[in-house]
Amino acid sequence: MLEIADIVTSYGKIEALKGVSLSVAPGEITCLLGPNGAGKTTTMMTVAGLLKPRRGSITFEDRNITGRDPGHIVRSGIALVPENRLVFPDMSVHDNLRTGAYSRSDNEIEDDIDRMFERFPRLDERQLQHAGTLSGGEQQMLAVARALMARPKLLLMDEPSLGLAPMIVEEIFRIIRDLNAEGTSIFLVEQNVHQALKVAHHFYLLEQGRVTFGGSPGDLEEDEVIQRAYLGSAETT
Amino acid sequence: MDDHVITVLNNIGGFSFIALSAYLLLLSGEISFGQQAFFGIGAYASGMFTAMFGLSFWIALPLAMLVAGLAAAAVGALTLRLRGLYFAIATLAFAETIRLILVATTWQVDVDGEPVGPNGSEGLGNIRWGFDNEYAPVDFLWMIYGSLGIVLLLFFLMERSRLGSIVRTIGADRLLAETQGINVTRYKILVAGLAGALAAIGGAFYAHIQTTVYPENFDVMLGVHSLAYGLIGGLGTAVGPILGVLLDVGFLEAVEWIQGYRMIAFGGLVAVLLIFMPRGILDERRVHLLRLMLRGRRPDIHGAAGH
Amino acid sequence: MALLDINGIGRRFGAVEALDGIDLRVEEGEVFGLIGPNGSGKTTLFNVLTGVYPPSAGEILLDGRPIGGVPPERIARMGLARTFQNLRLIPHMSAFENIWLAQHRRPGMGLRDILAVGGRKERARRDEVETLLERTGLATRRDAFAGDLPLPDQRRLEIARALVRQPRLLLLDEPAGGMTPMETQEMATLIRAVAAPGRTLIVIEHKMDLISDICDRLCVLDFGRKIAEGPPGRVLSDPEVLDIYLGREADDNSGDDSGDD
Amino acid sequence: MGSGYALLAIGFTLIFGVLRRLNLSYGPSIMVGVFFGTFLFIQFQAGWYTVLVGTVLGAAIAGAYVERLCFWAIKKGAAVASMVSSFAVWMQLEEGVTIAFPDRTYEFPALGDFELIELAGLSVRQEHVIMLGIAAILVFALHQLLYRTRFGLAVRAVSEDPNAALFMGVNTGRVIFLAFILASAIGGIAGYFIMATEEVITPKFGLQATFKGLIAMMLGGMGSVPGAIAGGLLLGVVEKQAEWYAGAVWRDIAAFMLLFAFLIVRPGGLLAQHTAARDLAALRRV
């Protein structure tokens with residue numbers, strides 16, 4: 001569904017991605033694991049069109065989307081749940097959802113908003129409240145709902161569990177599984193290896209801008225995943 | 001030296017004071033659009049002291065600095081709560097109020113049969129101290145650059161001492177400064193007062209070289225220019241704002257064919273420069289690198305790869 | 001007498017009761033953990049303790065002296081230092097300068113020390129900064145801009161900056177936030193070293209393994225209220241805590257939800 | 001007069017709201033527009049609507065130039081640089097106009113020959129009533145645009161969090177550009193009506209427009225459209241009173257003193273947020 005081939009992305013002189021290749025299969029949850037600074041978020045940003053790769057190609061459903069602008073990528077069916085949620089704090093929950101549908105021009109947007117409120121009753125109760133007054137967990141749900149408003153075929157999620165209490169993390173992962181069961185493909189960046197391996201069909205390890213492993217959760221023991229994922233970071237620190 | 005060169009050099013020196021004044025406030029995190037008020041207060045106060053009350057310039061100068069410094073500290077205390085653009089606009093409002101009040105005020109006394117003193121938009125004339133004491137423009141040149149040298153030396157010492165890092169910390173993150181035990185209120189008022197006194201030095205010299213000053217000399221153009229000098233020259237060192245003055249007054253003044261299009265040229269130069277160097281030519285990073293090189297160190301100054 | 005004595009502290013933001021009658025006592029030399037779900041009031045408590053905003057109710061005693069509502073710079077000079085969850089370093093200053101500037105107004109420092117550009121005392125203070133860089137593993141990063149450092153180094157730098165103030169009470173706000181298990185372990189080592197000479201610490205963390213590793217006692221906040229307090233072993237197996245904080249699944253994976261090894 | 005200030009302030013506040021940056025070249029852009037309008041009038045004896053369209057167009061084009069050079073081109077997080085840069089461009093615009101129109105003072109066509117009219121016992125200039133009407137219509141239209149359209153949603157999203165807006169597929173650069181042009185055009189309308197009552201223009205109008213718009217915006221509260229209206233009306237009333245009682249110089253002194261006093265006593269402006277919201281803002285500050 002999504003094919004990333006040998007992309008190189010850099011900030012100034014520093015190459016954050018040094019030729020990353022991976023693929024996301026339709027209907028699956030694919031996880032990207034790795035230490036801080038390995039380039040996980042950079043990968044997400046590059047797929048979402050916020051960073052332009054210097055080399056390599058990104059294909060989505062057999063169409064080349066390399067270096068296209070974010071609006072085009074959202075319209076082609078990829079939506080991002082950004083790291084740290086980034087909801088619009090002084091806009092109502094309802095308006096936040098409308099921004100998620102910005103790339104759409106059909107007239108079913110309000111229906112979809114109603115559907116989001118059915119799925120996330122806690123948001124329904126807070127429809128007219130400003131998003132900035134929601135708790136961290138509620139904001140994360142809003143960020144997910146907002147991304148879903150674009151009717152994506154592929155949902156990119158960047159560290160959805162970051163900074164959330166364990167119980168909320170459980171709930172977020174339950175939502176991820178539900179969404180996937182309904183047919184949305186998910187590409188997930190996580191630092192919570194334990195939870196990520198529980199939901200993933202497929203996972204990759206990213207270390208220092210390179211993919212060092214790709215396989216299914218059964219292929220490696222969880223301890224070994226953690227060891228291998230973080231060994232690289234031990235050398236740089 | 002021919003007279004034109006001396007005039008240009010005097011202007012560079014005079015504007016350097018107000019540029020340093022705006023720079024000092026920039027370090028403490030405040031954008032002031034109102035330093036011209038203290039330049040003006042310095043000019044008027046020193047001019048009134050010498051022309052109306054017959055004081056020597058060397059007494060009038062510190063007195064004018066004191067007056068401007070106190071006024072600036074008072075404004076600083078009143079505007080303590082304000083940040084960013086709010087502070088900038090408040091200082092602008094203050095400066096324009098002062099300027100317009102000078103336009104509306106006439107107060108003249110009789111000196112040797114002539115009325116002397118502020119006369120509304122006609123300004124304050126007859127500041128003859130330099131003339132009476134047979135000071136030539138070149139003498140003022142030495143006085144200006146002597147004072148500028150002292151001020152710069154004080155700036156360098158400040159940057160070396162903790163005072164400099166305190167001011168920069170307040171500028172970068174006020175809450176952090178508070179949790180480091182820094183009494184932000186006190187330092188903010190101190191910095192405002194010092195900046196006001198600094199601008200007054202420039203104003204005093206300006207008044208005594210020009211012999212007549214008008215309220216319109218101290219309009220917002222002067223204030224924003226002084227701010228621009230720091231931003232062009234760079235926020236990493238006190239040399240930055242002076243470099244900015246040099247570029248404007250020195251370079252553009254010197255290039256003949258720019259005359260008549262000077263504002264277009266300077267405006268364009270500033271706009272383009274700020275695109276590529278938003279913190280000026282000598283910004284913190286370049287100054288830091290330069291210092292390391294001077295000390296013969298060249299270690300890993302970049303952290304590992306960013307995120 | 002306890003070093004820190006908190007009695008019935010409350011803090012309200014509009015209609016939100018961020019802290020609601022908290023009582024806590026932290027003894028000299030203790031490493032005290034503060035855990036709880038997001039928005040439970042942990043960072044608010046730190047902000048009230050450090051004077052960022054005053055409590056709306058209750059009393060705080062540091063070494064017997066009231067500090068509720070005292071301005072932050074005065075509290076800082078009374079021997080309380082902290083780090084920030086979101087990191088507040090000065091990005092365009094070097095690691096060295098970031099620590100050096102924090103020596104300001106330590107007990108015994110006056111105007112002359114602030115204006116000093118050299119001298120024996122100033123040299124001694126600079127050496128002290130170098131030692132701290134060494135101890136926190138930042139010696140090779142001495143001249144790098146703080147903004148250029150990777151996250152774990154930035155967190156270490158914040159700790160070094162707090163330590164240079166020679167605090168009696170040190171507050172760490174998520175010192176291992178955003179770190180991998182390996183980095184978290186290194187942080188635990190650093191925190192243990194910091195606490196070794198009998199220094200008093202309060203630590204906010206979501207990583208249970210770190211908390212149970214370093215803390216002598218801990219307390220759990222939920223919606224601004226204290227719901228449990230005691231040694232880690234007992235608190236982390238408290239059924240109420242498990243229910244509200246660790247999540248219902250917690251009993252079958254023994255609370256390692258934060259990606260530990 | 002107050003409604004003219006209100007219109008100026010609305011344009012100002014729109015730019016500030018979207019960019020969180022101050023555009024000092026706002027007034028000078030309007031000045032360029034007004035001079036373009038005058039040019040059409042002098043050269044071609046253009047009618048009032050052509051002059052109006054010319055003024056708005058000129059202001060919008062100058063605004064577009066300012067946006068590209070001072071805001072779009074300058075990196076995020078350098079708000080001060082943008083502001084100083086917009087000041088630099090102000091000098092360019094002012095000198096450019098002075099070179100193109102060397103006589104400094106020009107006639108601007110009046111809206112028409114109007115009589116004073118009696119309104120509730122006060123005699124009012126008819127132009128001012130028209131101006132008030134235009135201001136009301138514009139405000140209503142702007143509100144509809146911001147809260148009822150897709151473009152308005154994008155503008156609001158960008159003004160809250162440009163990064164997040166980008167993630168939603170909003171072309172933030174274009175939205176900012178368009179909002180900027182819209183704001184300059186509103187300023188152009190304000191400029192036209194102010195000039196049509198004053199009937200004389202000089203390049204100093206740029207400074208005037210920036211100052212009056214700025215004062216009115218700050219009095220009402222930065223970034224707030226209703227605040228801009230309230231601030232503009234307040235400024236108009238205070239200036240008239242001061243002029244009446246103390247003379248023309250005091251009109252401007254009163255305006256600046258009012259601004260200074262407001263900033264110290266009530267920096268949030270007339271329509272400041274209430275305390276609970278500020279508490280929450282303080283919470284987020286840490």
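Here is how names work: the chains are called A, B, and so on, in the same order as the sequence lines, proteins then strands, and each is numbered from 1.
- Side-chain contact between Ile90(C) and Arg168(B) is absent, with no heavy-atom pair separated by less than 4.5 Å.
- To the nearest 0.5 Å, atoms CD1 (Ile166(B)) and CG (Leu101(C)) are separated by 8.5 Å.
- No more than 12 heavy atoms of other residues, nucleotides or ligands shown are found within 6.0 angstrom of CZ on Arg135(C).
- The structure places OG of Ser165(B) at 6.0 Å from CE of Met93(C), a figure rounded to the nearest 0.5 Å.
- Note: Arg162(B) CZ to Asp113(C) CG = 7.5 Å, rounded to the nearest 0.5 Å.
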Leu115(C) and Arg160(B): CA distance, side-chain angles, deciding distance, side chain to side chain contact (heavy atoms under 4.5 Å, CB included) verdict | CA-CA 9 Å; Leu115(C) 296 176; Arg160(B) 276 282 291 159; over 6 Å; no
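- His92(C) has its side chain within reach of Arg279(B): a pair of non-hydrogen atoms, C-beta onward, lies under 4.5 Å apart.
- Note that OG1 of Thr179(B) and CG of Leu171(C) are 10.5 Å apart. Values are rounded to the nearest 0.5 Å.
- With contacts defined as side-chain heavy-atom distances shorter than 4.5 Å, the pair Leu176(B)/Phe84(C) qualifies.
- Residue Arg199(C) qualifies as enclosed at atom CZ: its count of foreign heavy atoms under 6.0 Å is above 12.
- The shortest distance between side-chain heavy atoms of Glu178(B) and Val52(C) does not fall below 4.5 Å.
- Taking 4.5 Å as the heavy-atom cut-off, the residues of residues 180-189 of chain B that approach chain C are Gln180(B), Gly181(B), Ile182(B), Asn183(B), Arg186(B), Tyr187(B), ordered by number.
- Separation of atoms CZ (Phe145(C)) and CG (Leu289(B)) is listed at 7.0 Å; rounding is to 0.5 Å.
- With salt bridges taken as basic N to acidic carboxylate O contacts below 4.0 Å, none links Arg291(B) and Asp143(C).
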